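Okay, so here's the structure we're looking at.
Just so you know, ligand 1 is whichever comes first in the structure, and atom 1 is the first atom listed for that ligand. Please read all numbers here as calculations on a predicted model, not as lab measurements. The figures that follow rest on heavy atoms only: side chains count, while hydrogens, waters and symmetry mates do not.
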Amino acid sequence: MSRVYNFSAGPAVLPEEVLKEAQADLLDYKGCGMSVMEMSHRSKMFDEIIKEAEADLRKLMNIPDNYKVLFLQGGGSQQFAMVPMNLMKNKKADYIITGQWAKKAYQEAQIYGDAQAVASSADKTFSYIPNCADLPIREDADYVYICENNTIYGTKFAKLPNTKGKVLVADQSSMFLSEPVDVTKYGLIFAGVQKNVGPAGMVVAIVREDLITEDTLPGTPTMLKYKTHADADSLYNTPNCWCIYICGLVFKYLLKNGGLEGAKARNEEKAAVLYNYLDNSKLFKGTVEKGSRSLMNVPFIVNPDVVTDPEEKAALEAKFVKESKAAGLENLKGHRTVGGMRASIYNAMPKAGVEALVEFMKKFEAENLK
Ligand SMILES: *Cc1c(COP(=O)(O)O)cnc(C)c1O
C-alpha cells in the first residue's frame, strides 16, 4: 500500500488514523457482528454513534444550547434552496457574491424571492473579499448570506460582514472545523462535510432555534424543512449512517488533538510554508490578495509577467500538473475558471505533504525558469 499526498478540493484527504480505525471496525463494529453500514438507524448501536457525534461536535465548536445540529443529505447545494425556503419570511435576502458557490446560492434564492447582491468581487475574478463594513443591507432582509471560504478562488472572510442586525447565514463547507468560530454570530451555518471533515453525502447544519419554524414558504417539501429534521434529531428518515460514523471519528480525532485551536495552529503553520514560498518564487505566484487568503485552498499560477507567452504559460502549468502527479502529489490542477494550479490543504493534509509540494515546486522552478 502506498498513499499519495492528495490535494483534492473535495472529496478530500481524511486522517489516516481515522481510516485505520474504520478499517479495524469494518466487519464487526465493537463486537456487534456487523458493520456500521449494515445496522438499522433505529438500533441502540447507531443511536449511540449519532448522539456521540453530535455531542462531540457541540464540544468542538462550543455550540450553544439554543442551536440545533442537523445531519442532512443533499449536499451543500441543497442548502442553497433550503435556506430561502425556511428563512425567507419577507421574501427578501441579501447575498455577498465572492465566487461560484455564493453565486449559485444567490441564483437559487431568486427562485423563491427577492434575492439581492449587495457586494461582489466578480470584477477581479473573485480574487479578494469585498469590504463588508457598510453594505446596503435592506431593512426588511430576512438574512445576509456569505460563502465564508471560497473553495475555487481560495479566499476567506478575514472579518465577518456587518449585517446591520440581520441574521447571518454562512456556507462553511471548505473551512468547517479548520479553526474556532463564534457560533453566536451566525443564525445558520452549513457545511458539506466532504471538503474538510468526512466522506461525501452529508451536510451539517447548525441552526438557531428561533429560525426553525413551521412558517416555511408554501410548497416546501417535508424533507426540506429544518423543523422536520430538528424534531426528529436527524432521524426523520434514514440518514447517511456511514458518513455520520466517520465524521464522529474525525470529531474525536480533533478533540484529542487540541480541538479547533489545535487545528488552526496546524493549518496556519502549513499554509505559511506554501504562501511564503509563493511570495518569494519567481516562477509561481498566488492569485489571491494577501488579506483575503484562505488557509484551506491555495490557487497559484505560473507568473504571466515572467512567462509572457500565454501558450507557453499554459504548457508549463500542464507540465507541472503532470510531473507533480508522477511525484506522488495528486490533484493539483486548478479549477477550470481560474486555471493554473490549486492545492487544497485541509485539516488532514500533513505538514510533510505541503513541504513535499514546496520542494517539488523549487525543483520545478530551478529546471524551468529561463
Ligand atoms: C463543494 C461546495 C459546495 C457544494 O457542495 P455539494 O455537497 O457538492 O453540493 C457548496 N459550497 C462550497 C463552499 C463548496 O466548497
- Item | Centroid separation F360 to F320 less than 6.0 Å | yes
- Item | L70 vs V207 side-chain heavy atoms within contact, under 4.5 Å | yes
- Message: Suppose the criterion is ring-ring contact (aromatic ring centres under 6.0 Å, His included): which pairs have a residue in residues 130-181, not counting sequence neighbours?
- Response: Y95-Y143, Y95-Y145, F126-Y153
Output block, N or O contacts of ligand 1, threshold 3.5 Å exclusive:
unit_1: ligand 1; atom_1: 7 (O); unit_2: G76; atom_2: N; d: 3.0
unit_1: ligand 1; atom_1: 7 (O); unit_2: Q194; atom_2: NE2; d: 2.9
unit_1: ligand 1; atom_1: 9 (O); unit_2: G76; atom_2: N; d: 3.2
unit_1: ligand 1; atom_1: 9 (O); unit_2: S77; atom_2: N; d: 2.8
unit_1: ligand 1; atom_1: 9 (O); unit_2: S77; atom_2: OG; d: 2.6
unit_1: ligand 1; atom_1: 11 (N); unit_2: D171; atom_2: OD2; d: 2.6
unit_1: ligand 1; atom_1: 15 (O); unit_2: T151; atom_2: OG1; d: 2.4
unit_1: ligand 1; atom_1: 15 (O); unit_2: K195; atom_2: NZ; d: 2.5

- Message: Measuring only between side-chain heavy atoms, which start at C-beta, is T216 closer than 4.5 Å to K227?
- Response: no
- salt bridge (Lys or Arg N to Asp or Glu O under 4.0 Å) partners for K103, two or more places apart: none
- Query: Among pairs that include at least one residue of residues 343-355, which meet salt bridge (Lys or Arg N to Asp or Glu O under 4.0 Å), considering only residues two or more places apart or in two chains?
  - Reply: E269-K351, K351-E355
